[in-house]
Amino acid sequence: MEYKNVLTTCVYCGSGCGLYVQVLDGEIVGVLPVKEHPISRGKLCIKGWNATDFATHPDRLTTPLIRDGDDFRAATWDEALTLVAERLLAIRDEFGPDSIGVLTSAKCTNEENYLLQKLTRAVLKTNSVDHCARL
Amino acid sequence: MAEQDTLIEQIRAHVEDKLPALDGIVALRRTSEGTASYLFHEGDDLSQLVLNPRYPLSTTVSMLQKRFPEARFGIVARGCDSRALVEMAKRNQIDPDRLYLLGVACTAEEAEECHCATPAPDIAQWPQAELLGTPVEAGSPNPIVAEYDAMPLEERRVFWKQQFSKCIKCYGCRNICPVCFCEACALENPAWVEPGVLAPPFPTFHLIKAMHMAARCVACRQCELACPSHIPLTVLYDLMRRDVGRMFGYVPGDDLEALPPLSLTLE
Ligand code: SF4
Ligand code: SF4
């Protein structure tokens, strides 16, 4: 019989509204707005109110998938990340850095976005980095 | 301020006394993550139990009672929490016999801020209840209601049309409401509310909600506080409550035994 509210940030856009995930014995049972949040001040849009719907959705991906012919096969993170790194470097070396562009995301933290632009410029060696909020 | 400090100390002491005999007490808890509802158990840090900011607690009690049909819970309840629990009890959403209600009287400032007509729980109607704090007078009525009353009919329509055109259909007013509980909501029925269209149909969207709140809205103001578009929703519900009071002599949250007029007419 443990009921509590866990503080988190809405993942749907860059505003960063605060929400509580209501948790009863480890199970998500609802969402509440954070009244003391400096940005959202106790209000949410329809996406925030439903921000937990995907958490237990049967279609949610729980492991990386690698394309295999017309299909996908489940892979480990190590395998997937190694493949991505190898392919990106191979494409950069064969076609030049400007053959690659990177889109970062409003759903990431500032720090993650910083790291992505760093990776784009310092490793992939291109300035072609943009952000989903401009799409 | 000093009086409030003593009141919260009294509440915490009472909760500590009661916890061993209960399966938990629903109240607000302040941690480094902010303030939200929580089910306190024996041994929990009661210095974290607070009274603000208000969150709807009746829906949490309802969920817990349904999940644990044998359990006996308590709640630290303001006047609006108690009124919401009364309306929930009448609709079989909570069981008063399995609830201990620790009532808290709001301060005069709080009553004024909420324009609250009954700023303390009426504990006499609950099987097990106590009251802490000294009940204060009702707050003054919402001034927008008087302004609205002074408007000619056409102006009233324009007023609501303007207000409702701001609605972003977040459903926050419904989600946060302490007396809303239906599994299938009319506001999600495409026959009434076309999906993907803003603003929602005028005036159906808000009047469906208002109709369903007739003889049920306990004037807690949560909907208005949750509305990102600053729509004065309590004015709508104040007017609804006033009509129900005049026509049927029914005051939501007032009396655990009184049957809501809509249930009576349907029978
Ligand atoms: S004031 Fe709003 S949130 Fe509170 S009971 Fe009435 S309709 Fe529901
Ligand atoms: S909370 Fe406000 S914006 Fe959201 S659905 Fe209700 S009236 Fe519309």
Select one option (side chain, backbone, both, neither) describing which atoms of A:L32 are under 4.5 Å from chain B's heavy atoms.
side chain
Is a donor on one side and an acceptor on the other found under 3.5 Å between the side chain of B:H41 and the backbone of A:M1?
yes
May I have the step-by-step check of side chain to side chain contact (heavy atoms under 4.5 Å, CB included) for A:D25 and B:R67, ending in yes or no?
CA-CA 11 Å; A:D25 287 337; B:R67 184 68 68 95; 5.6 Å; no
Counting heavy-atom pairs under 4.5 angstrom with chain A, the leader among B:I168, B:L225, B:T59, B:T35 is B:T35
Rounded to the nearest 0.5 Å, how far does [atom2] of [Y] lie from [atom1] of [X]?
| X | Y | atom1 | atom2 | answer |
| --- | --- | --- | --- | --- |
| B:T31 | A:L7 | OG1 | CG | 8.0 Å |
| A:Y3 | B:L64 | OH | CG | 7.5 Å |
| A:N50 | B:N175 | CG | CG | 7.0 Å |

Using non-hydrogen atoms only, which part of [X] is less than 4.5 Å away from chain A: side chain, backbone, both, or neither?
| X | result |
| --- | --- |
| B:Y38 | both |
| B:S229 | neither |
| B:R30 | side chain |

Which heavy atom of [X] sits nearest to which heavy atom of [Y], and what is that distance?
| X | Y | value |
| --- | --- | --- |
| B:Y55 | A:V34 | OH-CA, 3.4 Å |
| B:R54 | A:K35 | O-NZ, 2.8 Å |
| B:C170 | A:L44 | CB-O, 3.6 Å |

For [X], look at atom [atom1] and say whether over 12 heavy atoms of other residues, nucleotides or ligands are found less than 6.0 Å away.
| X | atom1 | value |
| --- | --- | --- |
| B:K166 | NZ | yes |
| A:R87 | CZ | no |
| A:R41 | CZ | no |

B:S37 and A:Y20: side chain donor to acceptor below 3.5 Å:
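A:Y20 and B:S37 do not have a side-chain donor-acceptor pair below 3.5 Å.
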Check the pair B:E33, A:K4 against side chain to side chain contact (heavy atoms under 4.5 Å, CB included), reporting the backbone distance first and the verdict last.
CA-CA 11 Å; B:E33 296 201 347; A:K4 61 179 180 183; over 6 Å; no
